[in-house]
Protein chains: 2
Amino acid sequence: MRKGFLILTSVVRKGFLTCIFVKEADLTTQRARGGRVTIHDLARVAGVSVSTVSKALNDNGRMAAETRARIKRMAAEIGFRPNALARGLLSSRSFTIGLLTNDTYGRFTLPVMAGISDALVDHGVSVFLCAIEDDPALGKVHVDAMLDKQVDGIIATGKRIDRSLPVDLAGLPVPVVYAFTAGASDSVTFTADDAQGAALATAWLKKLGRRRLVHITGPEDFVSVRERASAFASEAGEGGSVRYGVWSESWGHQAVADLWSAGGPLPDGIFCGNDQIARGVVDALRERGVKVPEDVSVIGFDNWEILAEQTRPPLTTIDMNLKELGREAGLMVLALAEGRPAEPGLRKLPCKLVVRQSCGGAQTN
Amino acid sequence: MRKGFLILTSVVRKGFLTCIFVKEADLTTQRARGGRVTIHDLARVAGVSVSTVSKALNDNGRMAAETRARIKRMAAEIGFRPNALARGLLSSRSFTIGLLTNDTYGRFTLPVMAGISDALVDHGVSVFLCAIEDDPALGKVHVDAMLDKQVDGIIATGKRIDRSLPVDLAGLPVPVVYAFTAGASDSVTFTADDAQGAALATAWLKKLGRRRLVHITGPEDFVSVRERASAFASEAGEGGSVRYGVWSESWGHQAVADLWSAGGPLPDGIFCGNDQIARGVVDALRERGVKVPEDVSVIGFDNWEILAEQTRPPLTTIDMNLKELGREAGLMVLALAEGRPAEPGLRKLPCKLVVRQSCGGAQTN
DNA sequence: TTGAAAGCGGTACCAT
DNA sequence: ATGGTACCGCTTTCAA
């Protein structure tokens, strides 16, 4: 079949090929190798050599503008798309990166992923997803697979900045960027600016006239908990107190019970370490007849929309801009993969305030 | 550098190479091309031809067992890993599949992804993640990118079985499998068995002695809502009534308010269309002093753990086995990619009951 | 302005 | 039992 095809096209060489012949050739070839048109097919159809086609499509080399245009038009007509594997073999660039994560639940990873993918798709880069739980063996398998597939770089993401993934990513032949997980000191790591976010939240409570502030948060062994707590403390001043616990609604409930039964002065502003705790706090307050936001302002952290929006009243909270963080991480691996230099170290990206109704203020409607 | 290296190794040909030389060669080569050792390097180091190396490592062709072992040992020593791009170029198999999803929030997609990745990593297959929101242009870009990268197949996942992704996946040169999204009738589609799940839930309520049953669920235009409702109706018999609404906590609240103010006989068992609704129902009941599970049993759907476990009391619910669904979808594309035939059509995978405390019964502790 | 040929890193067939 | 060689699809000198 290939032979007959050759004779056919050689008769109609030099651009006199009609559209009908193109279609036929296209169909014939497609059938032959599963729908893929190669540059050779295109060259035959266009009546030029493969090198000319290559140069025409990549806008390099010099040639008659008319020839280039004709080849491009034909390429579009027969739906030619270059094989990225072959191209990658030559260029040592696969336009592929690997995303390693241990965040199975995905509350943090998903927005980050979306940002990465979003930033990279414009550059023709695809993302391998590797969920490794906390299994070092699985991690190694995935890393090896990625390297075999010649990824241009790797992004490692996790749930907290003070723990590292259970795989060793040092000394890899490709750049590695970390997001929300501890990375090597000579590489770039992204995280949210916990201190700034906590300061933002606390300042908002103060701006609304709240003075007796409490911070109900997660386990003290999280570095982000400590950073937020310390920013809260310095922003809240004398009146502020911090209660450490766990990342759950029930802890929010319990903390409210503790506070209200302690007999001291009651808080009028509560900054919670995450939206789950805030949800528990708001529910507990409602159950004791304390009005939110009239009597007490409550502010969360994470802007976990599905939770924040369904809380009664909807939660004012801090958003860590995870998608943006993902974008930056994506652009960073890309830059490193292309050899552009970057300053190693930890980069803290600013958080933003999302105003709903649990604090009162701007949008109490 | 390469030249010197060649001379060095040719002196020590035929397997007399010491470990020290191997290391040196390894390092030299690594530096030369970014940490990657090729089969040619290995061949030189082992003092054999590339074809012999290839056969040795792939366990085909015949050769002295000792030679094979020696080559394998050296490969391991110098950390040789075949370039998957080159391999894929020859075999037309990239050991890569694409995962297309519009489930940005990821509650459904994540477990499915985990299952797919889990099933495929054992087969050396990696997964491209493509989040396309509901943007047809973005979808096309991702599909084209995947095809360029010669994926062996595509899995399309979504949030509901009665809507399709905003991208045309028909006539692609690779097999496409659908999960939780509408697919072409000549391809394989996986979904949870909504009717079976609903029947399971209803039967559980009946088994616990509940007789006045209500089903509070989502919008009637979801086919899964209708399937669950109809299975509920036939299992519940005369006593059962269905209330359609939206997928939110607030709807759960409101439905309870409606029921309790309607003045009719009050239900003693409520089957909710998802865990969010169930959460709203449970909260609303508690607020009106109705005891769960003593007075009313409530059962959810989805087993969204973070929500189900934090509800007071924790929700008994239906789990759609999404991870298993992902596994099956993964194995299915793999099978199709390898040319193994499969019966096209819709495959409904069974749901399972997860007993917590909101219904009473087995684990009321 | 265009084309032939080498080569990226492997695999497979056919000699030896 | 082992090696030479062609080739997968594309890019890139270098000649014509």
Side-chain angles (χ1 to χ4, degrees), chain A residues 2 10 13-15 29 32-71 75 78 80-95 124 147-150 173, chain B residues 2 10 13-15 29 32-71 75 78 80-95 124 147-150 173:
Chain A
R2 188 78 166 267
S10 65
R13 263 168 159 274
K14 293 297 169 196
T29 324
R33 71 171 84 67
R36 255 88 171 199
V37 183
T38 73
I39 198 171
H40 297 276
D41 302 326
L42 178 52
R44 284 194 208 92
V45 167
V48 293
S49 72
V50 287
S51 20
T52 304
V53 171
S54 175
K55 280 181 291 193
L57 298 180
N58 292 306
D59 280 322
N60 54 24
R62 48 192 122 267
M63 64 198 309
E66 189 268 336
T67 308
R68 195 184 294 275
R70 184 169 54 85
I71 292 175
I78 70 174
F80 167 75
R81 312 215 92 224
N83 182 324
L85 263 44
R87 195 181 263 207
L89 196 50
L90 254 328
S91 64
S92 337
R93 288 267 281 123
S94 64
F95 289 91
L147 293 178
D148 290 354
K149 281 160 186 152
Q150 311 295 114
Chain B
R2 187 78 166 267
S10 66
R13 264 171 157 275
K14 294 295 165 198
T29 325
R33 73 171 82 67
R36 254 87 172 198
V37 183
T38 74
I39 196 171
H40 297 275
D41 301 328
L42 178 52
R44 284 195 208 91
V45 167
V48 294
S49 73
V50 285
S51 19
T52 305
V53 172
S54 177
K55 281 180 291 194
L57 298 181
N58 292 306
D59 281 322
N60 54 24
R62 51 193 117 265
M63 65 197 309
E66 189 267 336
T67 308
R68 196 184 294 275
R70 185 169 53 85
I71 292 174
I78 71 174
F80 168 75
R81 312 217 90 221
N83 182 325
L85 263 43
R87 195 182 264 205
L89 197 49
L90 247 340
S91 63
S92 342
R93 289 264 284 125
S94 64
F95 288 91
L147 293 178
D148 289 354
K149 280 159 188 154
Q150 312 295 116

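Computed from heavy atoms alone, side chains included, the values below leave out hydrogens, waters and symmetry copies.
In terms of position along DNA chain D, the nucleotide closest to M63(B) lies nearer the 5' end than the nucleotide closest to the other residue of the pair M63(B) and L90(B). Along DNA chain C, the nucleotide nearest to P82(B) and the one nearest to R62(A) differ in position, and the one closer to the 5' end is contacted by R62(A).
Taking atom CZ of F95(B) as the reference point, atom P of dT11(C) lies 11 Å away to the nearest angstrom. Across the protein-nucleic acid pair, R93(A) atom CZ and dC10(D) atom P stand 19 Å apart, rounded to whole Å. To the nearest angstrom, P of dG9(D) lies 17 Å from CZ of R81(A). Taking atom CG on L85(B) and atom P on dC7(D), their separation rounds to 22 Å, with Å as the unit. When rounded to the nearest whole Å, the span between CG of D41(B) and C1' of dC8(C) equals 13 Å. Here the P atom of nucleotide dG9(C) and the NZ atom of K149(A) are 19 Å apart, to the nearest Å. At whole-Å resolution of the value, CG in L89(B) and P in dC8(D) are 9 Å apart. With rounding to whole Å, R44(A) atom CZ is found 18 Å from dT2(C) atom C1'.
Nearest heavy-atom pair, R36(B) versus Q150(A), reported as atom, atom and distance to 0.1 Å: NH2-CA, 3.3 Å. Contact detail for T38(B) and F80(B): the closest heavy-atom pair is C-CE1, 3.5 Å. When all heavy atoms are compared, the tightest approach of I71(B) to A46(B) is CG1-CB, 4.5 Å.
Using a 4.0 Å cut-off on heavy atoms, the residues of residues 49-61 of chain B that approach DNA chain C are S51(B), S54(B), N58(B), N60(B), listed by number.
An OP1 or OP2 oxygen of dG9(D) is reached within less than 4.0 angstrom by no side-chain nitrogen or oxygen of R87(A).
Using a 4.0 Å heavy-atom criterion, one finds that R68(A) contacts no nucleic acid atom at all. As judged by a 4.0 angstrom heavy-atom cut-off over every strand, S91(A) is placed among residues making no nucleic acid contact.
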> After noting the C-alpha distance and the side-chain angles of V53(B) and H40(B), does the key distance pass the side chain to side chain contact (heavy atoms under 4.5 Å, CB included) rule?
Replying inline: CA-CA 9 Å; V53(B) 172; H40(B) 297 275; over 6 Å; no
>> Apply side chain to side chain contact (heavy atoms under 4.5 Å, CB included) to residues L42(A) and L57(A) and explain how you reach the verdict.
In response: CA-CA 11 Å; L42(A) 178 52; L57(A) 298 180; 4.1 Å; yes
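With hydrogens and angles ignored, the 3.5 Å screen pairs a side-chain donor or acceptor of K149(B) with a backbone N or O of F95(A). A donor-acceptor contact shorter than 3.5 Å is absent between the side chain of N58(B) and the backbone of N60(B).
Distances from the side chain of A64(A) to the nucleotides dA1(D), dG9(D), dT2(C) place dT2(C) closest. Proximity note for H40(B) (side chain, C-beta onward) versus dG3(C), dG9(C), dA1(D): the nearest is dG9(C). Comparing dG10(C), dG3(D), dT2(D) by their nearest atom to the side chain of A86(B) picks out dG10(C).
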